[in-house]
Amino acid sequence: MKAIYYMTLAFPLFQVKVEVSYPNENSHQSMYGVTEVPSLTKLYEVETTNSYADPEPRTSLSPSMTIPHYNSHAESPSKAMSESHGTEHIMDSRSCSDGLSASISGSHATLDGSDNSTDGMVDSHSDKLLDALGDVSPPPRSAAPSMKAILLLLEQAVEKGSALVLDKDSLDADNIYQNTVAFAKSASSGPVFRKNRKVEAQKSHKQEGSTLETEETTTVPMKRKKENSTKIPRQANFDDQLLNVVPQGTLGVDELAKLLT
Amino acid sequence: MLHAVSAPSFCLSYPGNLHYPPSSVQKTCFSVRCSVSQTKNGAKVEYTPWLIIGLGNPGNKYHGTRHNVGFEIIDSLSRAEGIQMNTIQSKALIGIGSIGEVPILLAKPQTYMNFSGESVGPLAAYYQVPLRHILLVFDETSLPNGVLRLQPKGGHGHHNGLKNVMGHLDGCSAFPRLAVGIGNPPGTMDLRAYLLQKFSVEERKQIDASLEQAVAAVRTVVLNGFDQHVNRFNLGQKYKYHKV
């Protein structure tokens, strides 16, 4: 009663607010007031300040506190504006989370929470962009089946001891060479690259039954016969050429002898 | 006066509740990302891996020499594609990554130039890389300094490293190669001395430019194969330093 009396004497404007706030003493009504009209939120703030005023009656008497009081009045419309903007965010935040408990302090938490949630949304948007840029390249590489296969082969090689992963400190050219030499002495030799295996593989695919095998075996001697036959006529040709050349030479000599005599 | 006293306490008491909404928001964002990546995975096509090998001599002693231009190309590729080369296998320093969606395996043999095949053969066999996907990068004295040439196959060109590689690939030479021109030795200078010499200032500039071009060329080959673009690239390289 005394507090109310002092309020009326010092600040005439509060008379109207205090009188209006009496019907809104219930917490439920105050919650509705917060969500519906910004003016009611001001009245709600008045109630909370009254509760805080009781334990500190001496501070109210000091003249220096009057200026902050006026500042708080100036801040109230900005809060109202933030509240109006933040209503959607409040709903979003409530839907995302399990739901905040409804209470006097809770309402104020949501008010400030809405302001900070807007900042959080902005940060999350920027994070989305950064993550999107960063995530564009890595998933395709790691997700590709052939890429996975190669990485798996590398892991297997490391596990078996045929591959060695170096530290960042030992990535100097000389260190790399020394590590390579040392590792080559202990590691097992790698597989040998052979192209003939593919040919053999093709043959194995072609061989569907025993009949095919017999056919393949029969074709080989045919090739050999052809090779033998090709050699013979060449030799014959050489002999024929030689035979042709000799008599011509002898005739020439005879003719020359006749001419000389 | 009473309001002034109570206002700060309101602000101070509420930060404890600020953590709830942002975390829930982040969770929803995370789920969205997962769904997006899943759809992308479903649409992927499998590609055969490439083995890209740069020939050179190991150690800091030979760093930057003409004969080590193959190593420099591999270093440029690893930087451009974000591939970390930190694994030793089959006497080679290797790194696994991808160009686009095609997996690639970069390798720098540590066996010295004349025994490079001891690394190439086992790596190709272990990772089951087909011969047509083994890209060999080496220096070429028959080309002017900084001139590049991409070929689907070819001979050894009197290059000892290439000879050894062919020997360890079952005598086959039908693998693609990227030749980097280093020019001819001047006058009667010994070829070996020329190969183990470092680039001059002007030559270094030309090589640095060609390194970037080589990275682009390798990307083209890996993604599109040998097509008209490669022919056009070779023509452009052939007349790169000719003035009209």
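Every chain is numbered from 1 and lettered A, B, ... according to where its sequence line falls, protein lines coming before strand lines.
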Please tabulate, for side-chain N and O atoms in residues 151-168 of chain A, each donor-acceptor pair with protein atoms closer than 3.5 Å (sequence neighbours left out).
from: A/Ser162; atom 1: OG; to: A/Ala157; atom 2: O; distance (Å): 3.3

Proximity of residues 180-189 of chain A to chain B, residues having a non-hydrogen atom under 4.5 angstrom: A/Thr180, A/Phe183, A/Ala184
Please classify the contact of [X] with chain A as side chain, backbone, both or neither, using a heavy-atom distance under 4.5 Å.
X: B/His63; value: neither
X: B/Leu123; value: neither
X: B/Leu169; value: both
X: B/Gln84; value: side chain

Side-chain donor/acceptor of B/Asn164 to backbone N/O of B/Asn114, under 3.5 Å: yes
Verdict with supporting geometry, B/Tyr112 and A/Tyr177, ring-ring contact (aromatic ring centres under 6.0 Å, His included): CA-CA 10 Å; B/Tyr112 284 97; A/Tyr177 175 68; 5.5 Å; yes
All side chain to side chain donor-acceptor pair (under 3.5 Å) counterparts of B/Gln197, not counting sequence neighbours: B/Arg66
Residues which pass side chain to side chain donor-acceptor pair (under 3.5 Å) with A/Asp174, listed by chain and number, not counting sequence neighbours: B/Asn60
Top contributor to chain A contacts, counting heavy-atom pairs under 4.5 Å, from B/Ala92, B/Pro49, B/Ala125: B/Ala125
Heavy-atom pairs under 4.5 Å with chain A, option from B/Gly171, B/Ser119, B/Pro58, B/Pro122 with the top count: B/Pro122
Parallel, tilted or perpendicular: ring planes of B/Phe138 versus B/His159, cut at 30 and 60 degrees: perpendicular
Charged tip of B/Arg192 within 45° of B/Tyr194 ring normal and under 6.0 Å: no
Charged N-O contact under 4.0 Å between B/Glu72 and B/Arg204: yes
B/Asp75/B/Arg79 salt bridge by N-O under 4.0 Å criterion: no
